[in-house]
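A short write-up of the structure that comes next.
Please read all numbers here as calculations on a predicted model, not as lab measurements.
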Amino acid sequence: MYRNYAKQEGFNKEVGLTVRLVSMDSSPPSLDAEDTVISDEALLIAIGNNQDIDAFNQLFKRFSKKIFALGMKLTRNEQLANDLIQEALLNVWQKAPLYDLDKGSGKGWIFTLSRNRCFDMLRKQKRQPNCIRADDIWPLESGAEPTLVHEDKGGQEVELSLIEGYFDKLSDPQRAVVEQIYLKDRTHEEAAAYLQIPLGTLKSRLRLGVAKLRNLIGVDQ
Amino acid sequence: MNTEVELHPSTELLNQFVQGELVTGKSVVVSAHMELCTSCSAKAKELQDLAVSSWVDPGNTLEFDQSSEADYSEMVAGIVKSPQMKSEPIKDLVEVEIEVLNRSIKLPKVLAKAVSQGLKWKKVVGGISEAQLFLDNETLCEFIYMAPGCRVPVHTHLGSESTLVLDGSFEDELGEYNASDFIIRDSQHNHQPRSKEGCLCFAVLDSPLKFTEGFARLMNPVNRYKFKKATARVA
C-alpha cells in the first residue's frame, strides 16, 4: 500500500499531465495518436500499478526495435536478438511494479534490463558458469546508497572509551546483534541471515541491547 | 608518485562496460572497482546516460533494423499473462569476507557472489598464492595473494591483465598500488611486482603471462597450459 501511495505521489508530481491518458477510461483516446505525449515513465507506472495492457503495447512498439538493435550489436545473431525482445520486454512487464522515479528515466531503466538480459542470454548460450548474473555486475541500486539515519555528529559528547566498555557489558547475543547493525551497518534482514536467527529475535535483541547501552550511557536517567 | 599510470579503468573501458560489451571476467573486475571508487561509478553513470540517449535517438539510424515489420501481437499477449513482481527478488546473502592468512578481508559484493562457489588456494612461486575463479571461457580470473616481502618473477603479458588491489599494496617499476587501484598491464610492460606489506589482488588475464628472465622462463609453458585449461572449462 505504502509503495503504491508513494508512487502515486511521484506520479502526480512528475508526470501529472499524462495521468488522464493512461487512466482506466472507458473510452480511451487513440493511443497511437498520443504516442509522443505519454512519457515512458507514465507508461511504466500504468503497467506497474494497473497492469495496463495498452500502455504495455505502446512501450513494446516504442522499444522493440531498439532492443533488437542492441541485441544484434551485442550478439551478432538475429535469432538471439529476436529472443531478446521477448526476454527484455517480459522482464519490463514483470518488474514494472518495482520501477520508481528515483531509479531514473524509464528508457534508462529499460536499457538496463535489456542489457542485463542480453548479457545473461549470451552467457547461457556460451555455456559459461552461472555463478554470476548480470544483476550482480550492474546492481540496480548502484550509486544510490541509502544514507545512514543514525549518524549524529552534532550530538552530545560521550567518552568513546567508555562506550567501548559498555559495549563489552552486553550479553554475547546482544553484542553480536548491535555490532551487525550499528558497527557493520547491515540491514536487519542481512544481520538475521548472517547470525542465522529469526528476524523477530534479532529485533528484540537489538531493542534490549540498545536499551541497555542507553542505560549505561545514562541518556534515560 | 603514479604519474605514468592511470589507476582507474579508461573511459573507453568504462564505456564498453556500461554497454555490456565486455566479457564476464572483465565486467566483474570493473564492477568490483566501481564499488570501491565513487568517481568511476559516477562516470559510468554518465556514460550510461549517454549510451541510453543515443540508443533511443530517433535520428540515429539503427545499425541493425528488423528485416520486416514482424507481428508481435502474439508475443505481447503471452507476456501480459505473466505475473508481475511485487518486490525485488531476494538476493542470496553472501559472505563478503575472505580469509587470507588469518586476516579477514572484505570483498566487493560482486566478487563475494562469485566466490560463493568456493576458492581453492594454491601456492605458486615464492610467497605467492593463487585461487582461480571460473567466470567465462575467454579469461583467466584469479585472486592473487602476495606474502609480505615477496616478488613475482619479471614478466610481460601477451594480452592484457586487469588487476584490482583489494588489500595491502604492491609496487612495480611504474609505481605503487593500494586498495581499490585498478591497473592494466599489457605487452608494452615488462614488470616485476613486489609487495613489502603483503597484498591481495583480483586479476583478469585475457591471455597467458610470460616470464622474461631467469629460470622463471621455464614456467612459460605451464602458464600457457594453465590459461588454456582455465578458459576451456565450461559450466
Side-chain angles (χ1 to χ4, degrees), chain A residues 3 47-48 51 53 56-57 60-66 68-74 78 81-82 85-86 89-90 92-98 104-105 107-108 110-112 115-116 118-119 122-124 126-140 142-143 189-190 193-194, chain B residues 17-21 23-24 27-28 30-32 34-35 38 41-42 44-45 48-49 51-53 55-56 62-67 70 72-73 75-80 82-91 93 95 109-110 112-117 133-138 233-235:
Chain A
R3 177 191 288 275
I47 296 165
Q51 293 74 51
I53 292 173
F56 183 70
N57 260 310
F60 196 102
K61 273 189 201 146
R62 212 174 276 183
F63 283 95
S64 59
K65 282 192 177 186
K66 307 286 181 191
F68 180 83
L70 181 72
M72 280 305 285
K73 190 178 107 192
L74 293 175
E78 202 172 324
N82 257 317
I85 299 179
Q86 155 95 23
L89 283 156
L90 171 63
V92 167
W93 170 264
Q94 290 171 325
K95 287 196 163 181
L98 310 180
S105 71
K107 58 181 190 259
I110 294 171
F111 173 84
T112 298
R115 175 200 58 204
N116 288 13
C118 189
F119 193 83
L122 260 182
R123 286 180 51 73
K124 197 172 166 193
K126 291 186 187 167
R127 319 192 65 197
Q128 296 180 353
N130 59 358
C131 54
I132 280 279
R133 302 187 60 231
D135 291 349
D136 299 313
I137 292 173
W138 293 280
L140 275 179
S142 67
E189 286 76 6
E190 284 166 356
Y194 178 82
Chain B
F17 170 78
V18 300
Q19 310 231 25
E21 291 168 3
V23 66
T24 309
S27 298
V28 166
V30 171
S31 168
M34 281 183 22
E35 195 180 321
T38 45
S41 107
K45 199 172 175 303
Q48 175 157 337
D49 288 345
V52 170
S53 306
W55 181 55
V56 295
L62 299 172
E63 192 183 340
F64 301 99
D65 215 336
Q66 272 152 300
S67 39
Y72 288 110
S73 53
M75 192 189 276
V76 172
I79 287 175
V80 299
S82 315
Q84 292 184 324
M85 295 181 190
K86 294 298 170 210
S87 60
E88 287 290 349
I90 298 180
K91 290 209 175 165
L93 282 177
E95 194 61 64
K109 289 192 197 82
V110 62
K113 177 77 197 301
V115 303
S116 51
Q117 64 180 278
L133 274 187
F134 299 96
L135 297 178
D136 60 53
N137 27 33
E138 288 163 58
R233 202 172 136 138
V234 289

Residue A:L74 versus chain B: region with a heavy atom under 4.5 Å:
side chain
Which bit of A:L122 is near chain B, if near means a heavy-atom gap under 4.5 Å: side chain, backbone, both or neither?
neither
Honestly, the part of B:E138 sitting under 4.5 Å from a heavy atom of chain A is side chain
Proximal component of B:E21, with respect to chain A [non-hydrogen, under 4.5 Å]:
both
With rounding to the nearest 0.5 angstrom, report the [atom1] to [atom2] distance, [X] to [Y].
{"X": "B:M75", "Y": "A:N82", "atom1": "CE", "atom2": "CG", "result": "6.5 Å"}
{"X": "A:K107", "Y": "A:K66", "atom1": "NZ", "atom2": "NZ", "result": "11.0 Å"}
{"X": "A:S64", "Y": "A:N57", "atom1": "OG", "atom2": "CG", "result": "10.5 Å"}

Flag side-chain contact, heavy atom, 4.5 Å: B:L135 against A:C131
yes
For the pair B:Y72 and A:F60, name the ring-plane relationship: parallel under 30°, tilted 30 to 60°, perpendicular over 60°.
tilted
Comparing B:V56, B:V28, B:L133 against chain A, the one with the most heavy-atom pairs below 4.5 Å turns out to be B:V56
Out of B:V23, B:T24, B:V76, which one racks up the most heavy-atom pairs below 4.5 Å with chain A?
B:T24
